[in-house]
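Here is the structure we will look at.
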Amino acid sequence: MGRGGSRAAPAAAAPPWHALPDEVWEHAFSFLPAASDRGAAAGACRSWLRAERRSRRRLSVANCYAASPQDAVERFPAVRAAEVKGKPHFADFGLVPHAWGAAAAPWVAAAADGWPLLEELSFKRMVVTDECLEMIAASFRNFQVLRLVSCEGFSTAGLAAIAAGCRNLRELDLQENEIEDCSIHWLSLFPESFTSLVTLNFSCLEGDVNINVLERLVTRCRNLKTLKLNNSIPLDKLASLLRKAPQIVELGTGKFSADYHPDLFAKLEAAFAGCKSLRRLSGAWDSVPDYLPAFYCVCEGLTSLNLSYATIRGPELIKFISRCKNLQLLWVMDLIEDHGLAAVASSCNKLQELRVFPSDPFDPAGQVSLTERGLVDVSASCPMLESVLYFCRRMTNEALITIAKNRPNFTCFRLCIIEPHTPDYITHQPLDAGFSAIVESCKGLTRFSVSGLLTDRVFKSIGAHADRLEMLSIAFAGNSDLGLHYILSGCKSLKKLEIRDCPFGDKPLLANAAKLETMRSLWMSSCSLTLGACRQLARKMPRLSVEVMNDSERACPLDSLTDESPVDKLYVYRTIAGPRSDTPSCVQIV
Amino acid sequence: MEATVDYMKAAEADNLLATELRLGLPGTSNDDHKATPPCTPRGKKRTAFDAAEDAAVEEVTNKHDDVEAAPPVAKAQVVGWPPVRSYRKSCFQQQQAKQISKPTSNNKEEAAAAPAPASNAATPSFVKVSMDGAPYLRKVDLRMYKGYRELREALEAMFVSSNNGGAANLSEFAVTYEDKDGDLMLVGDVPFEMFAGTCKKLRIMKRSEATGLGSPRQI
């Protein structure tokens with residue numbers, strides 16, 4: 001395309017490529033699915049910039065404060081699907097002050113104004129109010145997909161507005177949100193004529209739903225593929241729901257526990273037998289394993305199994321998982337223990353992603369026998385394993401080196417040794433060698449979380465070898481400023497860095513100030529930073545927003561504090577929108 | 001850029017190891033003043049001037065014999081560690097520890113020491129508040145109030161001003177709560193701190209329904 005000018009034949013026949021009309025380029029760019037490719041194309045020249053931005057359909061705003069909603073809407077007027085993310089990742093663990101910000105309202109308002117044809121909206125870690133949901137329902141006539149992940153601030157009243165107002169809704173996906181229960185029967189507000197639902201996920205909702213209404217909804221939505229229930233749906237109702245929706249591909253069972261009754265077992269077994277398309281299964285399963293065999297008929301077809309809320313242990317669990325020979329994704333509790341993971345290793349050779357969560361994270365003794373052994377076995381036998389999140393209580397360098405050798409194809413490696421500063425339990429050495437082996441071997445590593453006893457040496461390796469690393473999480477590690485310096489002066493592709501409780505101070509931050517503008521964000525809490533350094537950083541780098549947070553108890557104005565004052569929490573991010581105006585009193589922009 | 005150059009020189013210095021600051025574990029003998037758990041924010045203690053002193057004093061012992069036996073009793077909960085989502089924790093604990101109830105939390109801040117009775121004063125403790133006749137419920141954070149008077153004023157502000165058909169104040173209503181055993185109790189009998197620790201949800205009911213719960217120290 002557009003190469004006519006370089007041929008020797010009559011040059012007048014084809015226009016020079018840079019004079020082709022925008023529509024041609026817009027069509028070309030529609031073949032570039034990745035936002036980064038489109039971004040690169042937009043940077044080539046003005047006409048491509050114009051063509052690309054005017055035809056961009058999907059927009060992902062990874063930091064809601066990096067640009068203003070008005071800027072986004074003006075620059076990309078044709079957007080049909082937008083995703084906006086708010087709070088820093090450590091908000092998941094309670095480290096970010098509650099009222100920090102990330103309100104969705106300005107985004108909804110700007111979208112209502114500038115993107116009337118918007119079809120999809122996704123918010124992650126943001127504060128979404130009922131008013132936002134009401135505005136969404138009222139403003140976009142062809143609204144189809146609403147996805148809220150780890151959000152808060154809304155209630156079932158907002159859901160009612162969505163149900164009543166979005167006539168073409170295809171997906172309502174609520175993942176791990178805090179939803180206020182106003183005892184409103186929001187499900188009943190989907191009109192009888194409404195049949196377009198493909199995804200319905202209300203697993204995070206506490207409180208009851210009207211089962212009869214749900215059954216009628218499921219019956220009339222013949223295209224329903226994903227149904228994730230909450231804890232209020234009893235087992236016998238689950239069976240009848242499944243009979244109404246045998247075409248289901250993804251099922252979240254909600255609470256799966258009841259006293260054993262042969263009738264109920266038979267009903268469930270028959271219902272599951274009818275679900276020939278079921279591929280993904282999740283649920284909060286209590287420790288009654290007697291009903292597990294009811295699932296056996298679907299095991300073979302399962303590609304994704306999320307038992308991370310299931311408190312089952314023992315041989316029944318292992319028997320169940322061993323039948324799932326085609327699993328690609330497995331999330332479990334550490335109740336599976338090493339011998340369970342050994343069974344997974346031998347049965348589930350297509351496994352790509354494994355997450356093992358702690359059943360009792362605050363128990364210092366650790367009753368559960370899950371160690372480095374389990375991870376070594378799985379990494380040895382599952383050739384396609386590329387993503388791991390693993391909580392355990394002990395580790396050795398040797399195990400990590402073995403894992404690194406077995407699986408150079410890791411893209412995401414997150415190991416959390418529960419007790420901070422835990423060394424190699426056999427040699428009592430820091431775990432530098434082990435984690436270094438991972439970065440040296442896994443050239444495609446994009447996400448990395450380290451833990452245990454670590455010195456600056458591991459950061460030297462990471463800085464030098466982790467060329468594709470985009471996100472790094474560090475806690476209770478390192479000896480000195482050097483550790484941070486190694487990271488910031490290396491790690492060519494680093495986008496997000498989050499650090500807590502490490503002895504890193506002002507010097508590496510200031511020495512690598514320019515690096516911060518190439519990254520999306522930096523979080524540092526309980527390190528050794530002073531206010532003076534933050535002030536200097538803010539002065540030096542006007543396109544960074546430098547936010548300082550101290551104890552919520554004392555919200556004293558920054559001006560009165562000296563340069564030597566320690567900074568408890570620092571959040572730095574690049575932005576073209578200037579300092580935000582919605583900070584609570586415990587957050588100050590330097 | 002001079003700062004960077006200095007850094008690289010420091011890195012190449014071979015006495016690096018000698019000046020490296022190592023962290024000892026709680027329970028090891030060198031650590032008397034560091035027996036406080038890792039959650040002590042180092043940012044508040046260490047400045048550049050202290051670091052040199054610390055380096056001289058602290059020396060890691062490679063014989064961490066007591067690694068596994070470090071007494072857990074002395075440790076306080078570290079906020080946000082291990083990095084488990086509070087959503088996940090509360091779901092699991094509801095399944096596991098049905099007899100130990102936690103006040104439901106309306107935000108994502110870590111609740112310290114979930115099953116242990118010693119609770120962190122800074123942790124918010126949201127409980128649902130229902131009022132007879134009101135269309136929807138509210139939530140209050142019990143930790144925000146120093147005593148019954150403040151709580152009563154807050155409840156009045158929430159329910160009485162918004163409830164158009166209702167009373168001018170709470171005198172026509174009895175404020176009751178459900179404690180962790182599931183019993184319906186009258187608010188005001190026990191010290192406020194104790195109440196805040198055991199209250200699962202609040203219910204404001206008409207006095208006519210509250211017969212039998214009367215006591216001289218009602219709120």
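These values consider heavy atoms only, across backbone and side chains, with no hydrogens, waters or symmetry-generated copies. All chains are named by letter (A, B, ...) in the order of the sequence lines, taking the proteins before the strands, and each is independently numbered beginning at 1.
Atom NZ of residue B:Lys128 and atom CD of residue A:Glu180 lie 8.0 Å apart, to the nearest 0.5 angstrom. The CZ atom of B:Arg138 sits 9.5 Å away from the SG atom of A:Cys182 when rounded to the nearest 0.5 Å. Here SG of A:Cys416 is found 4.0 Å from CH2 of B:Trp81. Values are rounded to the nearest 0.5 Å.
Side-chain contact check for A:Phe93 versus B:Val79: every heavy-atom pair is 4.5 Å or farther apart. Looking at A:Phe362 and B:Pro82, their side chains come closer than 4.5 Å, going by heavy atoms from C-beta outward. Annotation: side chain of A:Ile184 is not in contact with side chain of B:Tyr136 (no heavy-atom distance under 4.5 Å).
Using a 4.5 Å cut-off between heavy atoms, A:Phe90 makes no contact with chain B at all. With a 4.5 Å cut-off on non-hydrogen atoms, A:Ile417 touches chain B through its backbone but not through its side chain.
The 12-atom threshold is not exceeded at CD of B:Glu193, counting heavy atoms of other residues, nucleotides or ligands nearer than 6.0 Å. Environment of NZ in B:Lys201: sparse, with no more than 12 heavy atoms of neighbouring residues, nucleotides or ligands closer than 6.0 Å.
Residues A:Arg500 and B:Gly80 share a closest heavy-atom pair of NH1-O, 3.1 Å.
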